[in-house]
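Here the structure is a predicted model, which means the values were calculated and not measured.
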Amino acid sequence: YLDDLDLSMRIWGVGYSIERCDSSVVYHKFSATMGKGASARQKYYLNTRNRSRIVLRNFPLSKLPVSFIASIVGEIRSIGSSMRDGEWWKIPIHIRAWGATLLYLPYAVYYRRSNGGLKQAHRYWPMIKRRPLFFQGMPSRNKTSTHDAH
């Protein structure tokens, strides 16, 4: 639940690059391990929580204020969409994720200090604002078009 992105950003942040291997084959069954029901809710929580952890741990310090504002806007939009779609169960998950984010702050500070402030973080920042490279989102159960993940 965003661990692959976190690992990639940390690799880029210390100055290494990641290359693709065109001959590789990856088989992936979407949501095979978490499924539906309570597991799907745990997955939603982990994705929501881990987004903020990635920002706190890996984004350049100079970009944290704008990232914070974008995160707040994204959270408001996500909660609004949840209310509109009648998915009220998502609201307490967001609140729980915010609490986990506050508790994570000392660890994020420690991580950043122990890794020299991620001096190479500026290398991947231009990729942050680009459109998704390969995953365009899943169709909503109430809509026929695809949308970006919240």
### Query
If Ile, Leu, Val, Met, Phe, Trp and Tyr residues are connected whenever their side-chain heavy atoms lie under 4.5 Å apart, and connections chain through other members, are I18 and M9 in the same group?
yes
### Message
Suppose we screen for side chain to side chain donor-acceptor pair (under 3.5 Å). Which residues come up paired with D6, at least two apart in sequence or across chains?
### Response
R10, R57, N58
### Task
Output yes when a side-chain donor or acceptor of S78 lies under 3.5 Å from a complementary backbone atom of G74, and no otherwise.
no
### Task
Just grab all the ring-ring contact (aromatic ring centres under 6.0 Å, His included) pairs involving residues 61-98, residues at least two apart or on different chains.
Y44-W89, Y44-H94
### Task
Determine the minimum heavy-atom distance between Y1 and N50, stating which atoms define it.
O-ND2, 2.8 Å
### Query
Who passes side-chain contact (heavy atoms from CB on, under 4.5 Å) against I76, sequence neighbours left out?
I72
### Query
Once you round to the nearest 0.5 Å, how far does CG of D3 lie from CZ of R53?
12.0 Å
### Task
Is it possible for you to say whether Y111 and Y107 belong to one hydrophobic cluster, with membership spreading through side-chain heavy-atom contacts below 4.5 Å?
no
### Message
Nearest 0.5 angstrom please: S67 OG to I54 CD1, how far?
### Response
12.0 Å
### Query
Hey, is R41 close enough to E87 for a salt bridge, meaning N to O under 4.0 Å?
no
### Query
When rounded to the nearest 0.5 angstrom, what distance separates CD1 in I95 from NZ in K90?
14.5 Å
### Task
Quick one: pull up CD1 in I79 and CE in M83 and give me the separation to the nearest 0.5 Å.
8.5 Å
### Interatomic distance, T48 atom OG1 to K43 atom NZ [nearest 0.5 angstrom]
11.5 Å
### Query
Honestly curious: do Y104 and L46 fall in one hydrophobic cluster under the side-chain, below-4.5 Å linking rule?
no
### Query
Are any non-hydrogen side-chain atoms of Y110 and S114 less than 4.5 angstrom apart?
yes
### Query
So which heavy atom on L56 is nearest to which on R112, and how close?
O-NH1, 2.8 Å
### Query
For the side chain of N47 and the backbone of Y45, is there at least one donor-acceptor N/O pair under 3.5 Å apart?
no
